[in-house]
Structures are given as C-alpha cells and as structure tokens.
Amino acid sequence: NDSAKPKYYVLDMFPYPSGAGLHVGHPLGYIASDIYSRYKRLKGFNVLHPMGFDSFGLPAEQYALETGQHPATTTEKNIATFKLQLDKIGFCYDWDREVRTSDPQYYKWTQWIFLQLFNSYFDTKTNKAKLVTELIKTFETEGSTNNQQRTTDNFTAEQWNTFSKKEQEEMLMNRRLAFSKYGEVNWCEALGTVLANDEIVNGVSERGGHPVEKKKMRQWYLRITDYADRLLEGLETVDFSESMKEMQKNWIGKSEGAEMDFKIVRRESSGVNVDPASKEAPTHDSPLTTHDSPLTIHASPLRVYTTRPDTIFGVDFMVVAPEHELVSQITSAGQQVAIDEYLAYVKSRSERERLAEAKTITGCFTGAYAINPFDGREIPIWIAEYVLAGYGTGAIMAVPCGDQRDFAFAKHFNIPITNIIGAHYNGEEANSTKEAVLENSGFLNGLLMKDAIGIALKKIEELGIGKRKVNYRMRDAGFSRQRYWGEPFPIIWSDGIAIPLDAEELPLELPHVDKYGPGPDGEGPLANIKEWVDVRRNTPDGVFNTNTPQGVFLQEGRRETSTMPGYAGSSWYFLRYMDPHNNQTFCDRKASDYWNQVDLYIGGTEHAVGHLLYSRMWTKVLFDLGLIGYDEPFKKLLNQGMIQGSSRFVYRILPTYLIQRDAELDNYESKLDPIFISKIQYDGIKDNNIDPVDFLLARSEDEGINKWFFEKYSMDKIGAAVTPIHVDVNIVNGVELDIEAFRNSRPEYKNAILVCEDGWVSHPGGKFTLYISGAETEKMSKSKFNTVNPDDLVLKYGADTFRMYEMFLGPVEASKPWDTKGIEGVHRFLRKLWRLFNDDIKGKVWNEDKATDAELKVLHRTIKKIEEDTERFSFNTAVSTFMICVNELADLKCHKKEILEKLLILLTPYAPHIAEELWHQLGNEGSILDANYPSFNPALLVESTKEYPVSINGKLRTNMQLALNLEQPQVEELVLQNEIVQKWLEGNQPKKIIFVKNKMINVVI
RNA sequence: GCCCAGAUGGCGAAAUUGGUAGACGCACUGCCUUCAGGUGGCAGCGUUCGUAAGGAUGUGCAAGUUCGAAUCUUGUUCUGGGCACCA
C-alpha cells in the first residue's frame, strides 16, 4: 500500500466455491488477469492482484439440507480444493489479502455497510445519499418537503412532532436506502419455504414438483431505483463493452411518458353487460342508456402509464394487472365469478412465465369501464397477466392498432379495433410507428405522431388529468432471503420498529443450527433458534433495556430471521482487498484513495445486471457518505467468454420388449449385454428412417450380439429404441472411443457390444476396431460428463502449456468449445523454446555471441507485437507471435543470450515457470519479474523496399519488389513495364493506376 | 416474447485503419531420422479445372456503396447468451 510506483489494480470476479471444483472453463479469465498483472509489474507498476471467495450461497445450504453437513465445513473444504487447483496453474495472487464473504471478520463489515444504507436516505435535491439523522432534524423544523425524497406521504413539522414513535419510524422507513416493506415471494406450501426463481420449474418447485404461489411477506429492499439516473450516467464514464452497457440500460429501463387518470364507471346490477360464460367483450359504443341499472362513478380513478399519449384516441380497452388494488373494488357482480377464477389461475404463475409465455393470451373483463376524457368513450377494463403490477402504475391503456400485445389481446377477445394511423395499419398486425399521421384522433388529427406526443402531453397536463412521468423498469432490489447461509441482519424488531445494532455489536455471528429446514410461517431456518431470536440486551445501566438512538427503552425484541442475499458480500469485496485485515473500518480511506478504482475487472457476462449494478450502487452510496473517493468501482471491464464442453455420445440400442418387463426376462440385465451402435449407424437409422429392429436383425448375423435373445424371441414381435447417452469425454480421443476404458467405466458396460464404424462388432477381448462417438457442444457440466479437469492437464503438460493453450484457443471474450487435442502444439512450442537454450544431447547450447541484424529484427518485431497484443488483451495472437518468433530463431539457429534473454522477459507473463527457470540458467540472479521490460527499437525494423501486391481490377495477379521511397509516377512506369501487367493489358492503356504507399497497387483496365 | 452478441478451410482461429483472405496451431498426406514406435526435421494442405504453367471460385444467404469489402449500408437466415432469490 506504500509505493512510489504507479498503482494498477487487476481484479477477477471471485468464485463461488462449489463442490465440483474447477473445470477448464473457470481459469480462462484468471489466466488473462494473471498475464496482465505480471505484464504490468514488468512495466513498472505496483500491482494489486487479489483473490477470495464468494462463500455464502444456496448450494452449500442445499447440500447441508441433504447431507446434514454444516455449510461452513463444506465451504471450507471446497475452498481448500479451489486454492490447490488455482495454485497448480501458478497464479500470482496475493493470498495474504484473501477475503471470504462468510468469514465473520468480513461480514462484520457487510453488516456495517448495511447499517450505513439503513441509516441513509436519498436526497433528490442533491441526488445524493444523506444521513437519516439529518432528515429527522429537518422533519422536526420543516416537516417533509417532498422535494427531498420520492415518497408522497407528506407532513408538516407540527404533524411530525405529534406522530407516535412508531409512526415516525414508519415515515423514516419509507425513506431509508435499506428498508423493509411487504413484498411478494414465491411460496411453496408443501415445502414450507420460500423459493428462488431458479428453484421453480414450470410453476412448480424443482424439488418435489409442488405448487408454488405468491405470498406477501415482510422483506428487506435496497432503494436502488433512486440511483437509476446515476447508474445510467455512470455508464458513460466506464470502459465496459457496448453490449454490457446496453444490458444495464435495458435493465434500468428508463422511459419517459405520462401518467393519466381515467374516471371509472360501473353498473351495480348483475350480468347487464356481459354474460360471464361468454368471452365476448362489451363494445365501447354500446350506449349506456339502453341499460336500466344505475350508473355509478367509482371514487378513485384508474391511473395508467403510457409512453405514447399521442395514441389516446386509439384506446379500445384498459388492462389492469390482476394484483391491482382496484380490481376488487370495480369488478361488477356479474363478473365476480369469472374474475375470481382468473385470479386463482394467475396466482399460480411466476412473473417470468407470465412474460415468457406472452403468446398464450389470457384475461378477464371486470365489468367496469373507463371514460376517455377527450371523447367520452366508454372503455372496458380488463385484467390480464401480461400487465405487471410492479411496472408503471400496474395498468395500461391498450392501443391495439399500435401495440402487438394489445392487438393480439383484442383479436383474441373480439374487441373492436380503432384505427388512428390510416394506411399504416393493415388489420393484420399492429404498427408501432411514430411516423404516421394521426386520424380519428380529435384535436390531434393530421399531426405526425412524434409531434403529437408533446402536444397531447401538454393538453393532458392543462386539463389536470395527468402529468409527465419518467418510469424505470428496474425495481428496488429484494435484499432478504429466508435462508440460513448468508449474513444475518444486524436488526432487532421491537413493537414493529426495526432497531439497528450498534457498530460495537458487530459482527452479529450466524448461530450454529442443527437443522437447515425452514422456520415457521415461511421464515428462514434462523427462526427455529428461539434463544437466538429472542433478545434482551444489557444496557450500561444494568437493566435489560436498550437505549436506542431515538431514546426509546427497549425491553425485548426479536432478531430479524432472514439473511442477506448472495450479492451483499460481493457488492464491496473489491474494497476489502485494499485493506483486508483492518478491524477498525471496512477499508481505510488512505488505502482506498491509493488503490482507487479497479483498473481492470475480469469476469463473465452473467453478472451484467446483478452483481455489477449492485456493486456500482454500493460504491455510489459509500461515495455519497464520504467513505470512499470515487463513485464507480470498475474502470474497465473485460468479459471472458464461456468455454463450452464438447459432449460425446454413444448410442444404446435397446429392444423395447425389455422395457415391457416380460416375466421371463426379469433378469435380462445379467443375460443381455448392452449394445451400442456407432455414430454412422445412428445417423443412418435416423436419416433413412430405418427401424432399429431391422438393424438389429441384420447385425445379429454377427457372432456375439446376444444370439440367444434373437433366437428365443422373434424380433418382429418386439420393437427397439435407440438412445444417445452421454459418455465421459475423457475416455474419447477426438471422436474415437477408448473401448477398453469404456467397458471399465461402469460395471454394466463390462461386456458391452459395440457395433463399430466399419460394421465389425467389438466384444470383450475381440477384434481391434474403431468406434466413433457422436459429438455436441453444450455447457460444461458434471452431469453431461464433458468436464475437463485442469489438474490432469497441468500434470501431463505443465502449467505453462496449460496457460498458453487456454489463451491460444481464441479471443478471451469469445465463447468457444473446449478441445484438448490442440494442446500438443503449444507443448511442442515450449519444447522448441527450450531447445534454443539446451540440446538433448549436447546440453547447454546458448552463447554470448553478438546478435545479427536479422536476429535483432526478429526480436524487435516480437517485442512490438507482444506489447500491442497484451495491451489490447489479444492473448491468442500473442501466443502465435511467440511461436513465430521461436520458429524464426530456430531457422536462424540463433542461440544468443542477447536475444533469448529479452524473449524470456516478454514470455514470462504467459509462461512464468519456464521463463524463470531459463532466466536462471542464463546466469541471472533474482526473479525475472524484476527484470526491465525490453524496449522496442523501431530503427531496427526500417525497410527500404517492399514486396507490393499488384492487382488488375482488384484481383491479385503478381507481386513487385519496389523501393519504398518511390512515388506514384515512378511506380506507374515500373508497373506498366511488368510482364504480367502487360499480358493483362493486351496492349491497351489502363484507365487508372491506384497506388497506396506501403500497401498495394491496383491497375484498373 | 424482448434485448445483446456472433457466423471465415476438416477443426480452433488470424487479418489492429476498407488494401496480398486463411497468419499461428490442430488434424491429415508424402518424405528424412530410427530395427521399430515415439520424439525431432523437410514438404504439401480452402474448393475446383489442369501433368504443369496457369485459370475460375471463395469469409452464413441476397442486394448495394467502392478502383478495391471478411471489414461499410440495407434486408434475411441460423447459432449462442441475458431477461430480478443458482452463482
């Protein structure tokens, strides 16, 4: 933390230490960051390159639930495995700075930062977080002014002072950055627990397939929406990929539009407008006067949000989210049954499903109407799941001619469609253009839609029926989980008031539990530990009281039983690395000022919207509170691609007769050896629709295919099925199956019969033949048997080969399938490099002779290219450059220390072990990491001539060696004399000759 | 459904600013070294016509801009990723 050198902070996204250990996909980003760290160090920087573990999380808890092992134990074990694996690859992490989010000494500060969030509010005047204590002061003297917070529950100073303690706390809670309110969770009654979206498949729980429904529970949230604008603006100042920025922008989803109020009317008598059994919708032009029942105007209006107020005359119906509070109030008696049924259906569906299955159209008419304020039309109000309660006002005005979803809905329920865009609407699909001229649109007629937006908005505001409104798709981040393995909240509930612990009481350690099942009433496992939950705190005066900052004596309370989500610890870990052992503060200001922002952050795109947004928000809050000096944590983000697994398949052919379990064949497994057919036969069967039975019959001629079976049972009575089965990629060489290894992989494959590529049948101890397996690219995963363990490769080829091969696969950002085969090439390169220094027979061959110009040229071309490629993270081309360099030096028979020594320094970030070893063989003391990075001398690469490509009409025809100082006229003259050019000219003059110096020549004829 | 990214030999890929498409590596073929295998070395290797010289063609598909397009523009097809409690 103390250095005269410029600093450089290289950070990897820290891993969740899963039990499966590392596969070859994980180290990709780590290798890139390690190369860059070493490179920066050689370039004279003070480099911070730490590593740690995101060790709280659901999988460990799930595992605990199944096996009874404490998550702390399994986590500890998994971390040990991870570290062992990482160390084998030779990463230069500063393990002295390791952090673990589940370590009490770490989460002490996660809890502490949570308290800062709890004790802060967002001041909309300054767009900054401020302390709640300041807010209380202004409340006492000025009341709430509504320009300091976004909430609308306003009061005067007098009112504030007469509020009860509880009422005051409620007002404050509505403003805190970390706050608690009732929110919906996925509740699974059968499991008695709250489920993550990921734990729900097709609307039922992944475990056990039990129904899941929405349930309102008290939850903690972070008021990230207040930071929406700053999170958007901050994107302009950071170096993230465009797609990453785009994803964040979409997530935040800022849109500008209007909120409008519509009067609601309804008739009290039942079944007047609509037969509940019919899907037929009422039409807006059915005159109210034909109905004899009294018309009532509902007290509160329907508030909708729209980005297109210009389409107000095209509104044919309204859609309200099923959860909307108005639904129960406005539903007519006649529609009550239908609405209730619909609500029950919606309750069973997750939000993701509702959006994803937008194609299936569902909805229900409420029996109420909204009145269009401009033309008085009655607009039927429906509820439908495609409108979400959480976005906008939870209600929309539907314009079927302009919005595809509205259009589909109108078509489905036979709602008449008003066309306000003339020929732009074809009746077949909606058109969301803004370029059309409005028709059937009252005072907006004849206006271009994009101009009409502003005019309509102005009118709406003038009439006082609505106002401009900026909306965000992003919602406040849910911050509590009904789980065990996470940070406990430093909060005590007493009489409905959330009381924060004092900083001195942190960390609030996670208590030990014996069971990891849920607590009562949907609470987390912590609720089961009564002695932990019920608190009486000793105050200095010796009474079982607590003196809160607000001056209330607390007799007893109940701890918050939910825990923080996975992203809590990862939202600030980059700060802890700067000052990991400090027990006075989360990170000393001096340390964070010195290391400042993360210069290079490397990780996967999967964190685009979660982790990256949360950590950006936390950084902004800490900045606002003056605890750190910058409000964007990551200067540059590099996303590594995913390494996909290459799965291999064998094709098992199985008579379906066996599946029917004939009594005689109960023990078939012992008699019938599994039969596998090769890829070519599988394709043949599939492509030509061959009946697998016919195939088997034909093969049964061969000895060995369970002759007894085919003799005993007539094959035409039984069918057969072919199933592709994953086979461990590690026992397949390319696509060629290692038959022996396959037979040994599972007991039931011991006597497997393999119908091989050439048609020969392989049985145990039989002919040597070739079985080609099928191949497919999929996500790397244990269950698909396509994982490749880096340990095996490091053992076989060494860490340097492994590192360079991972880089050589392709650009870091690209996703690519793993193929171990090519690793030989990189290994050969390193051996070839070694032979520049040492001969297998002669031993040492390097010498101290003076380098020739040709050798220097090779070296300096390499210096230039390696530096350029490393700087732009093009590690794959850098590896190629090293190969070219070594090939050329070998061709030149160059064994000169003067050249090789510099090459080693260039190589050391990529292949640190061999570089260090050879560095010492050359007689150097100390680590090669302390060497001076060689500087590139352009003078050595200056050429006097160039081999120009000469094209005729853009097609390359020949090359010409020309002096570089030649200008156009001289070049033209020389080109015209060229034999091949003359041949193509056939005696004519060219139209023109294009000459780009140092590039090419093109003759146009 | 919405959003984003990508598509180049048998395979992974390169081409940094519109200027010699396929660098580098794998696989494959032939040869040298060896008793043999491995290692190491030399040569060939987009497709196609041709003994060769040489020609035609070629960066998912279709069109356009340009002396010149993998690269720019428009449309289109396919593939991968993300879309609020796995991490």
Between B:rU66 and B:rC78, how many Å separate the two C1' atoms, rounded to a whole number?
29 Å
State the pairing partner of B:rA27; accept Watson-Crick or G-U wobble contacts with both distances under 3.5 Å, and report none otherwise.
none
When you compare B:rU73 with B:rU65, how far apart are their P atoms, in angstrom units rounded to a whole number?
15 Å
Counting any heavy atom closer than 4.0 Å, what does A:P59 reach on the DNA or RNA strands: base, sugar-phosphate only, or nothing?
sugar-phosphate
Taking only the C1' atom of each, what is the distance from B:rG18 to B:rC72 in whole angstrom?
8 Å
Of A:D54 and A:Y614, the one whose closest nucleotide on RNA chain B sits nearer the 5' end is A:Y614
Report the distance from atom CE of A:M13 to atom P of B:rC86, rounded to the nearest whole Å.
17 Å
For B:rA13 versus B:rA36, give the span between their C1' atoms, rounded off to a whole number of Å.
37 Å
Test item: A:D819 side-chain N/O and A:K821 main-chain N/O as donor-acceptor pair under 3.5 Å
yes
Counterpart residues, side-chain hydrogen bond (donor to acceptor under 3.5 Å, both in side chains), relative to A:Q961 (two or more places apart)
A:T945
What string of B, S and - do you get for nucleotides 37-49 of chain B, 5' to 3', if B is base contact, S is sugar-phosphate-only contact and - is no contact with any protein heavy atom under 4.0 Å?
--SSS--------
Quick note, A:M642 side chain, CB onward, closest among B:rU20, B:rG81, B:rC67 is B:rG81
Set of salt bridge (Lys or Arg N to Asp or Glu O under 4.0 Å) partners for A:E972, sequence neighbours left out:
none
Should we say atom NZ of A:K249 is surrounded by more than 12 heavy atoms from elsewhere, each under 6.0 Å from it?
yes
Is the distance between the ring centroids of A:W220 and A:F114 less than 6.0 Å?
yes
On a whole-Å scale, what distance lies between the P atoms belonging to B:rC32 and B:rC24?
25 Å
Roughly how many Å apart are B:rU8 and B:rA70, using the P atom of each and rounding to a whole number?
15 Å
Non-neighbouring partners of A:K216 that pass side chain to side chain contact (heavy atoms under 4.5 Å, CB included), sequence neighbours left out:
A:E184
Can you name the side chain to side chain contact (heavy atoms under 4.5 Å, CB included) partners of A:S241, sequence neighbours left out?
A:S243, A:M244, A:N639
Rounded interatomic separation in angstrom, taking OH from A:Y573 and P from B:rA87:
15 Å
Rounded to whole Å, how long is the line connecting atom CE of A:M474 with atom C1' of B:rC3?
17 Å
Interatomic distance where CG belongs to A:L612 and P belongs to B:rA87 [whole Å]:
16 Å
Give one of base, sugar-phosphate or nothing for A:S480, where a contact means two heavy atoms less than 4.0 Å apart.
base
Is A:Q640 reaching over with its side chain to a backbone N or O of A:V812, donor-acceptor style, under 3.5 angstrom?
no
Between P of B:rC2 and CE of A:M247, the distance in whole Å:
17 Å
Going by purine N1 to pyrimidine N3 plus the second Watson-Crick contact, or the G-U wobble pair, all under 3.5 Å, which nucleotide sits opposite B:rC61?
B:rG75
To the nearest Å, how far apart are A:E246 CD and B:rC3 P?
10 Å
5'-most contact on RNA chain B: A:Y16 or A:G825, nearest heavy atom basis?
A:G825
Checking all strands, does A:Q219 fall into the base, sugar-phosphate, or nothing category for heavy-atom contacts under 4.0 angstrom?
base
Kindly write out the residues that satisfy side chain to side chain contact (heavy atoms under 4.5 Å, CB included) with A:T820, not counting sequence neighbours, or none if the list is empty.
A:V788, A:L793, A:W818, A:I823
Taking the minimum atom-to-atom distance to the side chain of A:L58, which one of B:rU20, B:rC67, B:rA87 wins?
B:rA87
Applying the 3.5 Å cut-off to both distances, the Watson-Crick or G-U partner of B:rG37 turns out to be none
Taking atom C1' in both B:rG19 and B:rG12, what distance in whole Å separates the two?
27 Å
List the protein contact pattern of nucleotides 5-19 of chain B with one symbol per nucleotide (5' to 3'): B for base contact, S for sugar-phosphate-only contact, - for none; contact means a heavy-atom distance under 4.0 Å.
S------BSSSB--B
A:E813 atom CD is separated from B:rG80 atom C1', nearest whole Å, by 16 Å
Grab the CG-P distance between A:N78 and B:rC86 for me, whole Å please.
19 Å
Taking only residues two or more places apart in sequence or in another chain, which ones pass side-chain hydrogen bond (donor to acceptor under 3.5 Å, both in side chains) with A:K864?
A:E868
Specify the glycosidic conformation (syn or anti) of B:rG9, with syn defined as within 90° of 0.
syn
Using purine N1 to pyrimidine N3 plus N6-O4 or O6-N4 for Watson-Crick, or N1-O2 and O6-N3 for G-U wobble, each under 3.5 Å, what pairs with B:rA21?
none
From B:rA23, B:rC83, B:rG25, nucleotide with atom closest to A:I884 side chain
B:rA23
Can you name the residues that form a side-chain hydrogen bond (donor to acceptor under 3.5 Å, both in side chains) with A:S102, not counting sequence neighbours?
A:S55
Under 3.5 Å side-chain donor-acceptor pair for A:T877 and A:S874
yes
Taking the P atom of each, how far is B:rA62 from B:rU57, in whole Å?
15 Å
Can you list the residues that meet the side chain to side chain contact (heavy atoms under 4.5 Å, CB included) rule with A:M883, with sequence neighbours excluded?
A:F808, A:V826, A:F829, A:V879
Scan A:M244 against the nucleic acid and name what it touches under 4.0 Å (heavy atoms): base, sugar-phosphate only, or nothing.
nothing
Which part of the nucleic acid does A:G478 contact within heavy-atom distance under 4.0 Å: base, sugar-phosphate only, or nothing?
nothing
Just the table, please: protein N/O against nucleotides 52-59 of chain B N/O, every pair under 3.5 Å.
unit_1: B:rA56; atom_1: OP1; unit_2: A:R957; atom_2: NH2; d: 3.3
unit_1: B:rA56; atom_1: OP2; unit_2: A:R957; atom_2: NH1; d: 3.0

Which residues pass the side-chain hydrogen bond (donor to acceptor under 3.5 Å, both in side chains) test with A:E246, sequence neighbours left out?
none
